[in-house]
Amino acid sequence: MSSIIIICIFVLLVAFKIWMSSPKNIGKFGEKRVARKLDWLSKEYITLNDILLPTSYGTTQIDHIVVSPYGIFVIETKNYKGWIFGHENSEEWKQSLLGKKRFWGWSSEQHKLRNPIRQNAAHARAVKAILKEVGDFPIIPIVVFADSAELNITTPNHIVINWCNLRSAIKSYRTQYISQEDIQRIVSKISSANITTEGSRESHIRNVQTVQQNRDMAIANGKCPKCGGNLVERKGRYGSFLGCSNYPRCRFTHN
């Protein structure tokens with residue numbers, strides 16, 4: 001009897017570990033960690049978490065929005081560990097992890113991720129569009145990685161930091177641009193635009209997956225997923241890359 005209980009416990013632990021290691025749950029865990037850090041900001045900062053906004057192309061999900069007298073902070077959370085390599089203008093970044101111990105040393109795992117700066121720029125544009133009737137306010141996009149990530153990236157024009165530096169980065173903005181009345185209007189406008197209907201999150205995920213599949217198919221066929229132009233090989237500062245033939249009207253690039 002005791003052996004059956006041990007086996008059941010072992011199976012449950014394995015199932016729980018698999019469930020926790022899914023990308024969706026890893027991402028949600030990271031968002032909760034960041035939300036708790038934002039809770040420690042003073043009362044002049046109002047935090048909105050997990051916001052789903054309508055856009056011209058469907059919907060976009062924003063991890064955190066912090067509204068303050070000093071600007072509107074749009075925060076994208078990435079719960080990644082290991083070494084993160086990338087450039088602010090790259091289409092994709094790279095995650096490098098130490099794998100299993102081999103006879104000749106440690107193996108390394110390589111994974112690609114979408115450039116989170118570009119991803120968060122779309123979020124900032126969605127917030128700006130929602131607030132166009134309220135006013136034109138400074139919007140500060142921030143990409144925040146887990147503290148276990150070592151950032152080896154080139155981002156002179158954007159904020160990409162670890163969790164531990166998030167509050168200090170937000171509090172470094174001290175010039176007041178937004179009145180208390182406008183703060184309340186901004187929060188009310190974003191909250192009312194937030195899509196909370198049943199199944200909206202699942203529909204958003206399906207739409208994102210469809211867009212990604214269409215994008216990958218276009219690139220595989222040598223077409224720009226943004227405008228439909230031809231992709232041509234070009235030489236740049238960091239090596240060869242694919243660029244749209246309609247440049248400079250279209251600035252799409254791919255590694």
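We're numbering straight along the sequence, starting at 1.
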For [X] and [Y], indicate whether the former's side chain and the latter's backbone hold a donor-acceptor pair under 3.5 Å.
X: R167; Y: L41; answer: no
X: S191; Y: V187; answer: yes
X: N152; Y: G86; answer: no
X: S245; Y: N230; answer: yes
X: E88; Y: N157; answer: yes
X: D63; Y: T77; answer: yes
X: W93; Y: P116; answer: no
X: N120; Y: I142; answer: yes

For the student: nearest non-hydrogen atoms of [X] and [Y], plus distance:
X: N89; Y: R118; result: O-NH2, 2.6 Å
X: E109; Y: H111; result: OE1-NE2, 3.4 Å
X: N162; Y: A149; result: ND2-O, 2.9 Å
X: Q180; Y: P69; result: NE2-CG, 4.0 Å
X: I159; Y: P141; result: CB-O, 4.1 Å
X: N115; Y: S90; result: ND2-O, 2.6 Å

| field | Test: K128 and D136 ion pair at under 4.0 Å | value |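 Yes.
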Validation row: [X], [Y] side chains within 4.5 angstrom (heavy atoms):
X: P54; Y: T60; value: no
X: K81; Y: L97; value: yes
X: Q95; Y: Q110; value: no
X: V66; Y: L38; value: yes

| query | Does the pair R234 and L242 meet the rule for a side-chain contact (heavy atoms from CB on, under 4.5 Å), with working shown? | reply | CA-CA 6 Å; R234 292 197 171 100; L242 294 177; over 6 Å; no
| Any cation-pi pair here, K94 with F85, using under 6.0 Å and within 45°? |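 Cation-pi check for K94 and F85: passes.
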Inter-residue atom distance [X].[atom1] - [Y].[atom2], 0.5 Å rounding:
X: I170; Y: N165; atom1: CD1; atom2: CG; result: 11.5 Å
X: N246; Y: C227; atom1: CG; atom2: SG; result: 4.0 Å
X: Q119; Y: H123; atom1: CD; atom2: NE2; result: 5.0 Å
X: W163; Y: R36; atom1: CH2; atom2: CZ; result: 9.0 Å
X: L48; Y: I190; atom1: CG; atom2: CD1; result: 6.0 Å
X: Q61; Y: L52; atom1: CD; atom2: CG; result: 7.0 Å

| query | Going by the angle between their ring planes, with limits at 30° and 60°, are Y45 and Y70 parallel, tilted or perpendicular? | reply |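 Ring orientation, 0 to 90° scale: tilted.
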| query | In this structure, which one of T196, I65, V127 forms a side-chain contact (heavy atoms from CB on, under 4.5 Å) with I51? | reply |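 One option only clears the test, and that one is I65.
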| query | Y247 and L231: same hydrophobic cluster, using ILVMFWY side-chain contacts below 4.5 Å? | reply |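 Cluster IDs for Y247 and L231 differ.
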| message | Does N49 form a side-chain hydrogen bond (donor to acceptor under 3.5 Å, both in side chains) with E31? I'd like the steps, not just the answer. | response | CA-CA 8 Å; N49 299 309; E31 291 174 25; over 6 Å; no
| For Y177, does the OH atom sit with more than 12 other heavy atoms under 6.0 Å from it, leaving out its own atoms? |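 No, OH of Y177 has 12 or fewer neighbouring heavy atoms, counting only those of other groups under 6.0 Å.
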